[in-house]
Amino acid sequence: MRTLGEMPSHNHAPDDSAAAPTSRKTAGEIVVLGIETSCDETAAALIARDASGRGRILSSLVRSQWEKHRAFGGVVPEIAARAHVECLDELIAGAMTEAGIALSDIDAIAATAGPGLIGGLMVGLITGKMLALAHAKPFLAINHLEAHALTVGLTDALRPPYLMLLVSGGHTQLIYVEAVGRYRRLGSTIDDALGEAFDKTAKLLGLPMPGGPSVEQAARSGDPMRFALPRPMLGRSEPHFSFAGLKTAVRHAALAIAPLTDQDVADLCAGFQAAVADAVVDRTRRAIEVLAQDTATPFAPRRLVVAGGVAANEALRSALTQLAQAQGYAFHAPPIALCGDNAAMIAWAGAERFALGLTDALDAPVRPRWPLDQEAAPALGAGAKGAKA
Ligand code: KG4
Ligand code: ZN
């Protein structure tokens, strides 16, 4: 179990070269400050983008609030907002010091405007706007989901169009990313988001939060075949997802053999993760078929991108790698450090929009609900889905 002192402020980047900060601003580059406060992570980062559109991270600081929410078993919006207020200034100053960049060197300021928890969003958005106003810098109000969707532009120099599987704590969607600002949703979850299903499964098995990494860790020593768990939505024609039934099946299997040994927990986690991988692969394969038959996308390139916090899951990454190979698709996933919430992705989305001249006015609203594809009909049965829904 993690103890309270073990989740201090940390730089998300040090173990990962693709995410590791590099040197100061060079000629021809624009530098963007990014601010992220949409849920339970406070983050500030500086990225640079050169004239050819290549990006690099100058600094990326992320501070998790999990220890503040632990006693409540989930993210408490008021506590989250206050925690963002307490450390955001310090993180922004730290990101600038680490990058060796002064405010005068910054070309634009980007902050998450939604979707997410309104209190936290307001903290980051107002801070970004104030800095932009005080230093006469262009401002960008960023959609958090768009930032996840465009991260591979920063890490792999990969630009749309591509098919994207977005799997996070509040969202599970298959999206055709046509261009910056143009998104078409092919499928989404009808109940729980995938990260939410990991978190609830961890909770019911007594594993620490956030649940995804705990379940993945426990699954390493588990037998995925011991429990027969369902593969929800397998074979359905629309590429939608459902995870509520799987989570309930884990609960029933656990209750039937309680009290649980460590090996029981490991086997349940391995079984859950295997079921998730099978379901996600089946639904993504279906989206590939839908895209191939769609006359609106005759030139869709064969590229699959996975993004969002759950994209850090190694079992899922390897299952998707195999699927992509079998389908003749190139597969791209951000480095693990940039799968979860961070501000480098916000700064990068800001840089991409800035390069297109898409800046925002200082009265840009906070948008707790902000779907990427505004026209998509809700998936049947869609309900409340996690802190970010
Ligand atoms: O993108 P993210 O950091 O925040 C949202 O925008 O929601 O995603 C957080 C979610 C949590 O539900 C967390 O349990 C899950 O991502 N997660 C994982 C892993 N790491 C984080 N799920 C499965 N395996 C992981 N290794
Ligand atoms: Zn996220």
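In each ligand, atom 1 is the first atom listed, and ligand 1 is the first ligand listed. We use all heavy atoms of the structure for the numbers below, so side chains are in, but hydrogens, waters and symmetry mates are not.
Taking every non-hydrogen atom of G211 and a distance limit under 4.0 Å, the qualifying atoms of ligand 1 come out as 14 (O). Near G195, meaning under 4.0 Å from any of its heavy atoms, are these atoms of ligand 1: 12 (O). Listed by number with element, the atoms of ligand 1 under 4.0 Å from a non-hydrogen atom of H148 are 1 (O), 6 (O). Close approach to S168 involves these atoms of ligand 1, each under 4.0 Å from a residue heavy atom: 1 (O), 5 (C), 6 (O), 7 (O), 8 (O).
Salt bridge annotation for R286-E289: present, with a cationic side-chain nitrogen under 4.0 angstrom from a carboxylate oxygen. With respect to R184 and D294, a salt bridge is recorded, a charged nitrogen being found less than 4.0 Å from a carboxylate O. Using a 4.0 Å cut-off between a side-chain N of Lys or Arg and a carboxylate O of Asp or Glu, R185 and D373 do not qualify as a salt bridge. With respect to the salt-bridge test (charged N to carboxylate O, under 4.0 angstrom), the residues E352 and R49 qualify. Salt-bridge annotation for D50 and R56: absent, with no side-chain N of the basic residue lying under 4.0 Å from a carboxylate O of the acidic one. A salt bridge links K200 to D192: one of the charged nitrogens lies within less than 4.0 Å of a carboxylate oxygen.
Considering both main-chain and side-chain atoms, G340 never comes within under 3.5 Å of ligand 1 through any nitrogen or oxygen pair. Considering backbone and side-chain N/O atoms, G169 comes within less than 3.5 Å of an N/O atom of ligand 1. Residue-to-ligand polar distances keep E41 apart from ligand 1: every N/O pair is separated by 3.5 Å or more. Ligand 1 has an N or O atom lying under 3.5 Å from an N or O atom of G212, backbone or side chain. Residue G309 places at least one N or O, backbone or side chain, under 3.5 Å from an N or O of ligand 1.
Residue D341 holds the heavy atom nearest to atom 2 (P) of ligand 1 of all those in D341, D199, V276, V215.
Taking 4.0 Å as the cut-off, G170 counts as a neighbour of ligand 1 on heavy-atom distance. The shortest heavy-atom distance from M209 to ligand 1 is not under 4.0 Å.
Using a cut-off of 2.8 Å, one finds that C39 contributes no N/O/S atom close to the Zn ion (ligand 2). Checking H144 against the Zn ion (ligand 2), an N/O/S atom falls under the 2.8 Å cut-off.
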Could you list the donor-acceptor pairs under 3.5 angstrom formed by side chains in residues 103-111, with sequence neighbours left out?
unit_1 : atom_1 : unit_2 : atom_2 : d
D105   : OD2    : A102   : N      : 3.2
D107   : OD2    : K25    : NZ     : 3.0
D107   : OD2    : V31    : N      : 2.7

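In D341, the N, O or S atom that comes nearest to the Zn ion (ligand 2) is OD1.
In terms of modelled atom types and a separation under 3.5 Å, the side chain of D191 and the main chain of A244 share a donor-acceptor contact. Checked by atom type and distance alone, the side chain of E146 never pairs as donor or acceptor with a backbone atom of A349 at under 3.5 Å. Of the possible polar contacts, one joining the K129 side chain to the A364 backbone as a donor-acceptor pair under 3.5 Å is found.
Under 4.0 angstrom from ligand 1, there are no non-hydrogen atoms of E314. When heavy-atom distances to ligand 1 are checked against a 4.0 Å cut-off, H171 has no atom that comes that close, whether in backbone or side chain.
Ring geometry, H148 versus H144: the interplanar angle exceeds 60°, so the pair is classed perpendicular (tilted spans 30 to 60°).
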